Amino acid sequence: MIRIALLGSTGSIGESTLAVVERHPDRFRVTALGARRSCERLRAQAERHGPTATVLVEPDDAADPAWGRGTEALCALGTRPDVDVVVNAVVGFAGLAPTLAALEAGKRVALANKESLVAGGPLVARALERGGGTIVPIDSEHSAILQCLSGYEPDDVARLVLTASGGPFRGWSRDALRAVGPSDALRHPTWNMGSKITVDSATLANKALEVIEAHVLYGIDFDRIDVVVHPQSIVHSFVEFHDGSVLAQLGYPTMELPILIALSHPERVPDAELRTFDPVRMSPLTFEPVDDDAFPLFGVGVRAGRAGGTAPAVFNAANEVAVASFLDGRLPFLEMAGVVEDTLAAIAGPEAPDLAALEDVDARARAHARAAVAVHARAEARP
């Protein structure tokens, strides 16, 4: 029996994880649940799964007094002795501290929080070394790479090719994107995800985050990581080897498959609910280059990854602010890249030595990004 601490349980990845767990009661049990602020949803989950510990980071008056409260309590869930696997589905930079705590405690982290690796890659590497924990990615692209790399080393790899759906605006020109709003960006054609990652998919910032994540996870140079647009979302990534062979992992666009793989790796657990693949019905499969002009945040993010130091963390922080401002109607879609670029130029610097220093960089980046939002919003409003 694999005992699970599920952090971010009320989000889309959290709900999908619980669906997988419920189909395999003989293999998985949720022993700890944690959420940010969705009190009623957390209460329903706790009543259904009976965890031994439950945490609400930002409790309200309706929260159960027996629940733990705050970020420290959330981090502690992943260090409990009755936990084997920590599913980190926390959104954004807030997921880094729980990742570090779990790895220091020697746990397997089933990681859906890509920001842990993007913002805190060096800190995560040190936590892995000190605590002896492991990371199994939940992102579909990195789950695909993990499966294709089984039995091989980074030196065997000529190139990784990550696929991107292209989001709701695939094929749109830059001029056409000037008028889009949050409701347009949230209509993803193939994936059902939370609002932040859905907007990141629309801007292709998400794919830049995944390029950085692949570099950290698999030790592959940025020069050997490419991205192609694949609107069907059936091929999740390719691995090309030095002999010219190419392996790919294919599957229907559901997060339940990479979640199941992350929970059970390296075993393969049969699951009758996951659809049997039909290559004829899913054909044709097509691939296109990324449109850097229409989606500049992709290039901004990859350049931040190449720069290293705190640039990836600053990119992540500024992008989180830009996305929130766009969703609130305070920042036009095309102005998000400018906000992020301004923040990178002002804040990015050498590597942070510890979590406290990185949290300071993150806070300064967010403050600068919020000020930049006001500037870009005013500029856009001028006749």
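Residue indices begin at 1 and follow the sequence shown. Remember, predicted model here, so these are calculated numbers, not experimental data. Values below: all heavy atoms of this structure, side chains included; hydrogens, waters and symmetry mates excluded.
Counting heavy atoms from C-beta on, the side chains of Phe238 and Asp226 never come closer than 4.5 Å. Using a 4.5 Å heavy-atom cutoff, the side chains of Asn113 and Phe93 are not in contact. Inter-residue side-chain proximity for Glu288 and Pro231 is flagged as met; some heavy-atom pair is nearer than 4.5 Å. In this structure, the side chains of Arg3 and Arg80 stay at 4.5 Å or more apart for every pair of heavy atoms. Inter-residue side-chain proximity for Phe28 and Ser264 is flagged as met; some heavy-atom pair is nearer than 4.5 Å. Looking at Leu96 and Ser116, their side chains come closer than 4.5 Å, going by heavy atoms from C-beta outward. Within the 4.5 Å cutoff, side-chain heavy atoms of Leu162 are placed close to those of His142. Taking 4.5 Å as the limit, every side-chain heavy atom of Phe315 sits out of range of all side-chain heavy atoms of Val302.
Without hydrogens or angle criteria, Asp342 side chain to Val339 main chain gives no donor-acceptor distance under 3.5 Å. Proximity of a side-chain donor or acceptor of Gln232 to a complementary backbone N or O of Thr286 within less than 3.5 Å is detected. Remark: the backbone N or O of Arg43 is not paired with any side-chain donor or acceptor of Asp64 at under 3.5 angstrom. Put simply, the side chain of Gln147 gets close to the backbone of Ser143: a donor and an acceptor are under 3.5 Å apart. Using a distance-only test at 3.5 Å, with no hydrogens or angles considered, no donor-acceptor pair links the side chain of Thr198 to the main chain of Leu186. Counting only distance, with no hydrogens or angles, the side chain of Thr163 and the backbone of Val228 share no donor-acceptor pair below 3.5 Å. Formation of a donor-acceptor pair under 3.5 Å by the Arg108 side chain with backbone atoms of Ala262 is found in this model. Side chain of His230 to main chain of Val235: a donor-acceptor pair is present (N/O by atom type, distance under 3.5 Å, no hydrogens or angles). Panel note: side chain Arg330, backbone Val373; no donor-acceptor pair is recorded below 3.5 Å.
The minimum heavy-atom distance linking Ser9 with Leu33 is given by the pair CB-CD2, 3.6 Å. Taking each heavy atom of Met255 and Ser140 in turn, the nearest pair found is CE-N, 4.2 Å. Heavy-atom minimum distance, Gly70 versus Val55: O-CG1, 3.9 Å. Considering every non-hydrogen atom in both Leu56 and Asp60, the closest pair reads CD2-N, 4.4 Å. Gln249 and Ala144 make their closest contact through OE1-CB, 3.4 Å (heavy atoms, listed as atom of the first residue, atom of the second, distance). Among all heavy-atom pairs drawn from Leu6 and Gly14, the shortest one is CD2-O, 3.6 Å.
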- After noting the C-alpha distance and the side-chain angles of Arg268 and Ile261, does the key distance pass the side-chain contact (heavy atoms from CB on, under 4.5 Å) rule? CA-CA 7 Å; Arg268 293 281 185 177; Ile261 289 168; 3.8 Å; yes
- Begin from the C-alpha positions of Val90 and Leu74 and carry the test side-chain contact (heavy atoms from CB on, under 4.5 Å) through to its verdict. CA-CA 10 Å; Val90 175; Leu74 184 73; 4.2 Å; yes
- Decide yes or no on side-chain contact (heavy atoms from CB on, under 4.5 Å) for Thr310 and Ile347, but give the supporting numbers first. CA-CA 8 Å; Thr310 61; Ile347 305 297; 5.8 Å; no
- Decide side-chain contact (heavy atoms from CB on, under 4.5 Å) for Asn319 and Lys196; before the verdict, give the C-alpha distance in whole Å, the side-chain angles of both, and the deciding distance to 0.1 Å. CA-CA 10 Å; Asn319 181 64; Lys196 196 269 181 183; 3.6 Å; yes
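One finds the CG atom of Leu117 at 11.0 Å from the CG atom of Asn316 (value rounded to the nearest 0.5 Å). Taken from CZ in Phe298 to OG1 in Thr203, the straight-line distance is 11.0 Å, to the nearest 0.5 Å. Atom CD1 of Ile234 sits about 7.5 Å away from atom CG of Leu250, to the nearest 0.5 Å. To the nearest 0.5 Å, atom SG of residue Cys75 and atom CD of residue Glu104 are 11.5 Å apart. Taken from CG in Leu146 to CD1 in Ile138, the straight-line distance is 12.0 Å, to the nearest 0.5 Å. Atoms CZ and OG, from Arg281 and Ser283 in turn, are 10.5 Å apart once rounded to the nearest 0.5 Å.
Enclosure of atom CG in Asp26 by more than 12 non-hydrogen atoms of other residues, nucleotides or ligands within 6.0 angstrom is indicated. The neighbour count for Arg48 CZ, taken as heavy atoms of other residues, nucleotides or ligands under 6.0 Å away, does not exceed 12.
By the criterion of side-chain heavy atoms lying less than 4.5 angstrom apart, applied directly or through intervening Ile, Leu, Val, Met, Phe, Trp or Tyr residues, Val91 is not grouped with Val323; the two fall into different hydrophobic clusters.
Checked by atom type, the side-chain pair His49/Glu22 shows a donor-acceptor distance below 3.5 Å. A donor-acceptor contact under 3.5 angstrom links the side chains of Asp243 and Ser245, judged on distance only.
Residue Phe333 is tested with Phe295, Phe326, Trp172 for a ring-ring contact (aromatic ring centres under 6.0 Å, His included); the sole match is Phe326.
Ion pairing between a basic and an acidic side chain is recognised when a charged N comes within 4.0 Å of a carboxylate O; Arg29 and Asp84 show no such pairing. Between Glu141 and Lys114 there is no salt bridge, since no side-chain nitrogen of the basic residue lies less than 4.0 Å from a carboxylate oxygen of the acidic one. Salt-bridge annotation for Lys207 and Glu210: present, with a side-chain N of the basic residue lying under 4.0 Å from a carboxylate O of the acidic one.
Ring orientation note: the planes of Phe241 and Tyr152 are tilted relative to one another, at an angle of 30° to 60°.
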